[in-house]
Number of protein chains: 2
Amino acid sequence: MGKPTKVTNSIRALRFAHGEMTQAELAERLGVTRQTVIAIEHGRYSPSLEMAFQIARVFGVPLDDVFQYPGTEE
Amino acid sequence: MGKPTKVTNSIRALRFAHGEMTQAELAERLGVTRQTVIAIEHGRYSPSLEMAFQIARVFGVPLDDVFQYPGTEE
DNA sequence: TGGCCATGTTAAGTTTTCTATACATGGAGC
DNA sequence: GCTCCATGTATAGAAAACTTAACATGGCCA
């Protein structure tokens with residue numbers, strides 16, 4: 001299945017910071033399934049770029065606040 | 001085939017701004033094929049998040065300088 | 001105890017991303 | 001003219017992302 005991705009994320013923290021938003025609620029807002037949210041949140045695979053942009057938009061933060069690519073900081 | 005993606009990018013401009021870097025050269029730096037670079041540059045499909053991070057890193061700019069998601073600005 | 005809710009797992013299948021190969025075109029230089 | 005080189009197109013297939021559906025667990029509360 002999905003390669004254990006190098007990209008990490010802060011989705012869980014952002015969900016709780018946004019009114020205890022549930023995974024189901026986030027999934028619905030993104031127009032994807034709950035399983036997709038769970039898989040991304042757990043880092044089982046990294047989302048597509050479009051999905052990443054959408055997630056960042058839901059939380060109203062820049063992309064880099066949601067996803068971290070190790071080694072990006074010089 | 002690939003869905004006509006909503007994400008646009010500035011790869012071509014960035015390539016030329018970085019010493020007339022060719023598509024083949026960029027592809028090699030990314031560890032992908034030339035076809036992948038062409039397809040992404042033409043917006044035939046949006047790259048994976050990991051690929052996007054790698055591209056941004058090659059040019060030494062933040063992700064949002066390479067890719068634009070329409071409607072992200074409020 | 002029993003039901004509901006949020007979370008998590010698994011498996012099978014579809015769509016999108018990416019690879020590999022082959023071939024076409026126009027420009028620059030010999 | 002011919003040959004490189006950068007760019008582009010097309011096709012088939014592999015790999016990764018995503019869907020759908022089914023089921024399992026632990027917490028809460030009436």
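Values below: all heavy atoms of this structure, side chains included; hydrogens, waters and symmetry mates excluded. Convention: sequence-line order gives letters A, B, ...; per-chain numbering from 1.
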Find the distance Ile38(B):CD1 to dT19(C):C1' and express it as a whole number of Å.
-> 13 Å
Options dT9(C), dC18(C), dC18(D), nucleotide nearest the side-chain atoms of Met51(B) | dC18(C)
Measure the distance from CD1 on Ile40(B) to C1' on dT7(D) and round it to the nearest whole Å.
-> 16 Å
Residues 10-26 of chain B vs salt bridge (Lys or Arg N to Asp or Glu O under 4.0 Å), sequence neighbours excluded, gives Arg12(B)-Glu41(B), Arg15(B)-Glu41(B)
Could you state the CZ-C1' distance from Arg15(B) to dC5(D), rounded to the nearest angstrom?
-> 13 Å
For Leu49(A) and dC18(C), what is the distance between atoms CG and P respectively, to the nearest whole Å?
-> 10 Å
Check whether any side-chain N or O of Ser46(A) sits under 4.0 Å from OP1 or OP2 of dA17(D), and answer yes or no.
-> yes
Do the side-chain N or O atoms of Arg12(A) get closer than 4.0 angstrom to the phosphate oxygens (OP1, OP2) of dA6(C)?
-> no
Please determine, for the side chain of Pro47(B), which listed nucleotide (dT9(C), dA17(D), dC18(C)) has the closest atom?
-> dC18(C)
Check: Ser10(A) side chain, Ala13(A) main-chain N or O, donor-acceptor pair, under 3.5 Å | no
Please report the C-alpha distance between Tyr69(A) and Arg57(B) in whole Å, then the side-chain angles of each, then the deciding distance to 0.1 Å, and finally whether the side-chain contact (heavy atoms from CB on, under 4.5 Å) criterion is met.
-> CA-CA 10 Å; Tyr69(A) 191 65; Arg57(B) 185 188 293 186; 3.0 Å; yes
Find the distance Asn9(B):CG to dT17(C):C1' and express it as a whole number of Å.
-> 15 Å
Is the shortest side-chain N/O distance from His42(A) to OP1 or OP2 of dT9(C) below 4.0 Å?
-> yes
What is the distance, rounded to the nearest whole Å, between atom CD of Glu41(A) and atom C1' of dA17(D)?
-> 17 Å
Bending between helix ends of the helix from dT1(C)-dA30(D) to dC30(C)-dG1(D) [5 pairs per end, 10° resolution] = 30°
What are the two closest non-hydrogen atoms of Val66(B) and Ala56(B), and how far apart are they?
-> CG2-CA, 3.9 Å
Candidate pair Thr36(B) and Leu30(B), rule side-chain contact (heavy atoms from CB on, under 4.5 Å), full reasoning | CA-CA 10 Å; Thr36(B) 301; Leu30(B) 294 171; over 6 Å; no
Which heavy atom in Val58(A) sits nearest to a heavy atom in Met21(A), and how many Å separate them?
-> CG1-CE, 4.3 Å
Contact summary for Ile40(B) and Phe67(B), nearest pair of heavy atoms | CG2-CE2, 4.3 Å
When you check the phosphate oxygens OP1 and OP2 of dC18(C), does a side-chain N or O of Ser48(B) lie under 4.0 Å from one of them?
-> yes
Quickly work out the Glu50(A) CD to dT15(C) C1' distance and round it to whole Å.
-> 13 Å
Atom-pair distance (CZ on Arg44(A); C1' on dA15(D)), nearest Å | 19 Å
Mind running side-chain contact (heavy atoms from CB on, under 4.5 Å) on Met51(B) and Ile55(B) for me, showing each step along the way?
-> CA-CA 6 Å; Met51(B) 178 79 67; Ile55(B) 294 172; 4.0 Å; yes
Roughly how far, to the nearest 0.5 Å, is the CD atom of Gln23(B) from the CD1 atom of Ile11(B)?
-> 9.5 Å
Here the residues of residues 17-36 of chain B within 4.0 Å heavy-atom distance, strictly under, of DNA chain D are Thr22(B), Gln23(B), Arg34(B), Gln35(B)
